[in-house]
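Beneath this line is the structure, given in structure tokens, with notes to follow.
Small disclaimer: the values here were computed from a predicted structure and weren't measured.
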Amino acid sequence: MAKFSQLALALMATVVSGDDLPPILDPTPYTVWDGTSTDGLSRRAAVNVPFTNSSGDDDFVNLWRADLIGDATQRGFSQGELFVNEITELVDVALPDFFLSMVDGLDLSKLPDWLADAIHEALDQVVVPAFYKAMEAVWEREEQYVPPRLKTEMSAIAQGLCAAKAKQNIDCDVDEWTAYIQQVNMLPELIKMTCTMFGSWGASRPDGIDTLLQLRALDFGSSPLANYSMLQVHRPAPDTVVTPVDGQWVSPGGNGDDQGDLIQAFASVGFPGLVGVVTGVSERGIGMSEKVWEVYNTTTGVQRGRYDGEADVLVMRDVLELALDRQSGEDYMRNDVNRTWSVFLGVGDYETQEMDIVGYRAKDFHAYTPETMPAVTTQPYMEDLVYVDKHPQPSTDTTLPTLLAKYYGNMTMDNTRDIVRTHETGDLHIAVYDYGNPTMWVSVGRINAAGDFGPDGHMWKACYRPYLQFDLAQLWAGN
């Protein structure tokens, strides 16, 4: 029997939602494989799916795909080689514009024009170098904790990028680009993401379906990353698959020669050059969601952390790539004494068809369940349903629990669209994982030249846009 608090039951009757849900689109006819790596193993594709948006205008969903095969060196080199233009543009143009936009909001209206102009000119000269210097400083603090196979992959991206530039007769410094790749992978350590997640199984699902449904909605705010969305699929070469012994956790440092041979395929939604993970699902192990753990009782909402440890996104990469079940992934994070910043991590798996929300922070670690999560969020308890909304915690907003109560007992991928749209969560991207019928839906946001999510500032957020449906078995096969 489904169990609700009285608040959840009262809220259930208050939700009103429209039927004009974002469509589900098949990307296959619109996926153009337009590049193959030098070693002949990896490929890149452009996905451009047309649709008519809610305003009646012609629109499109744009996503890059990377099918990366081999060990850490091979996959890294292939990514740099195949996405040389996208990585270069992101590092040289898009991110600098983003950093400048973060200071454009300074109110200088009370200053003389000449002084305001002078300040803006000075900021333009120092802001971008300052951000890259900050990311460099974070890398220098955390480098000692980065697993060797991930360092190898980062440097290989730079090598592949410079090899591609050499073919274009463009000078390229591998060491310089290695530093850029390292720094960009530290960006999530500086800019926190407010997001939403849930895991639904058992009593919360429709009758006859008790497998896990998992949501990851990423709220980042306006940034160029929306227009650089990329689905990376990492796959082992057939003759290099590493088989764990009796389910033993594989060292995150690598396997044997530390070249990062894979034990399974995994998919990650991010952007070109990102070695860390913010969203992803693996072939045989787990799926991951993420949200910064903000609270209301501090000035900034961000809890105390440190830069003496492995970056959160690299820990997520370790767990996604190497864990074959939820328990082994959680044990790794629990025993990681070098945690950095406070996040919630949703960890669901094929083996148990359940999900925990991990409270991961420098001072402690907890794996929260439907029974224990309400103590953190003060949100209603619902059997076989664990969730956290986009707000600092404990949250007083009733939107998400209201929606979950409405659909309780009928939680499906379809009505997830209404949940994220009504909660207005997931501006950068959204991923929904169906573990019973291994499928992933992905929706990506889009920004205009002004850096806004469409003319009204919100209609191009991922939560209002179509979802691309990916058959995971096809991804693991390289299709």
Side-chain angles (χ1 to χ4, degrees), residues 87 90-106 123 126-142 146 154 179-197 216-230 268-280 288-295 298-307 309-317 339-345 360-362 390-393 425-430 444-445 447 451-453 461-462:
I87 295 173
L90 184 66
V91 170
D92 286 349
V93 180
L95 284 179
D97 287 347
F98 172 54
F99 297 148
L100 288 171
S101 73
M102 296 180 71
V103 299
D104 283 345
L106 291 175
L123 287 174
V126 302
V127 166
V128 174
F131 268 97
Y132 274 105
K133 190 66 177 178
M135 292 187 291
E136 178 185 14
V138 173
W139 172 263
E140 289 175 350
R141 287 285 293 271
E142 298 187 355
V146 178
M154 291 181 196
Y180 280 139
I181 297 299
Q182 294 166 345
Q183 292 160 20
V184 168
N185 274 271
M186 296 298 101
L187 180 61
E189 289 286 274
L190 295 174
I191 300 176
K192 308 306 177 184
M193 296 169 279
T194 60
C195 311
T196 300
M197 70 180 78
R216 191 282 192 262
L218 194 160
D219 294 295
F220 191 87
S222 178
S223 83
L225 298 180
N227 290 354
Y228 288 84
S229 296
M230 179 179 182
S268 171
V269 182
F271 54 83
L274 181 65
V275 171
V277 165
V278 295
T279 301
M288 299 206 74
S289 309
E290 184 270 351
K291 166 189 166 56
V292 62
W293 189 349
E294 293 179 301
V295 294
T298 67
T299 302
T300 64
V302 177
Q303 299 185 71
R304 182 181 296 276
R306 61 187 180 187
Y307 288 109
E310 185 179 0
D312 291 342
V313 295
L314 299 184
V315 172
M316 290 180 67
R317 166 66 186 268
R339 295 182 290 268
T340 56
W341 293 93
S342 302
V343 291
F344 290 117
L345 300 176
Y360 177 98
R361 48 187 182 179
K390 65 182 180 179
H391 302 293
Q393 302 300 314
T425 185
D427 54 21
L428 185 60
H429 70 238
I430 296 168
V444 297
I447 61 168
D452 299 321
F453 286 106
K461 291 182 178 181

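What you find for Gly305 and Ala362 is that their closest heavy atoms are CA-CB, 4.5 Å. Here the shortest heavy-atom pairing between Met154 and Leu314 reads CE-CD2, 4.2 Å. Shown here for Pro224 and Ala94, the closest heavy-atom pair between the two residues is CG-O, 3.4 Å. Looking at every heavy atom in both residues, Gly280 comes nearest to Val277 through N-CG1, 4.4 Å. Minimum interatomic distance between Ser268 and Gly276 (heavy atoms only, all atoms of both residues): OG-O, 4.3 Å.
For the pair Lys291 (side chain) and His391 (backbone), a donor-acceptor distance under 3.5 Å is present. The backbone N or O of Glu189 sits less than 3.5 Å from a side-chain atom of Tyr307, completing a donor-acceptor pair. Of the possible polar contacts, none joining the Arg339 side chain to the Tyr360 backbone as a donor-acceptor pair under 3.5 Å is found. Distance alone, capped at 3.5 Å, places no donor-acceptor pair between the Asp427 side chain and the Lys461 backbone. For the pair Thr340 (side chain) and Ala311 (backbone), a donor-acceptor distance under 3.5 Å is absent.
Side chains of Ile191 and Phe220 form a contact here, defined as non-hydrogen atoms less than 4.5 Å apart. The side-chain heavy atoms of Glu290 and Arg216, taken from C-beta on, include a pair separated by under 4.5 Å. Looking at Asn185 and Leu274, their side chains come closer than 4.5 Å, going by heavy atoms from C-beta outward. Side-chain contact check for Asp312 versus Arg361: every heavy-atom pair is 4.5 Å or farther apart. A 4.5 Å side-chain heavy-atom check between Met186 and Glu136 finds every atom pair outside the cut-off. Residues Leu190 and Trp341 fail the side-chain proximity criterion, which asks for heavy atoms closer than 4.5 Å. Side-chain contact between Ile181 and Ile87: present, with at least one pair of heavy atoms (C-beta onward) separated by less than 4.5 Å.
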side-chain contact (heavy atoms from CB on, under 4.5 Å) for Val278 and His429? Distances and angles first, verdict last. CA-CA 10 Å; Val278 295; His429 70 238; 4.0 Å; yes
Test side-chain contact (heavy atoms from CB on, under 4.5 Å) on Ile430 and Leu218; report intermediate values, then the result. CA-CA 6 Å; Ile430 296 168; Leu218 194 160; over 6 Å; no
Test side-chain contact (heavy atoms from CB on, under 4.5 Å) applied to Tyr132 and Val91, step by step: CA-CA 10 Å; Tyr132 274 105; Val91 170; 3.5 Å; yes
Check against side-chain contact (heavy atoms from CB on, under 4.5 Å), Phe271 and Leu95: CA-CA 12 Å; Phe271 54 83; Leu95 284 179; 6.0 Å; no
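How far CH2 of Trp293 is from CG of Leu345: 10.5 Å, rounded to the nearest 0.5 Å. Distance check: Leu90 CG to Leu225 CG gives 6.5 Å after rounding to the nearest 0.5 Å. The CZ atom of Arg317 sits 12.5 Å away from the CE atom of Met288 when rounded to the nearest 0.5 Å. Glu310 CD to Met316 CE: the interatomic distance, rounded to the nearest 0.5 Å, is 12.0 Å.
Annotation for Phe453: atom CZ counts as buried by contact number, over 12 foreign heavy atoms lying within 6.0 Å.
Between the side chains of Thr194 and Asp219, no donor N or O sits under 3.5 Å from an acceptor N or O.
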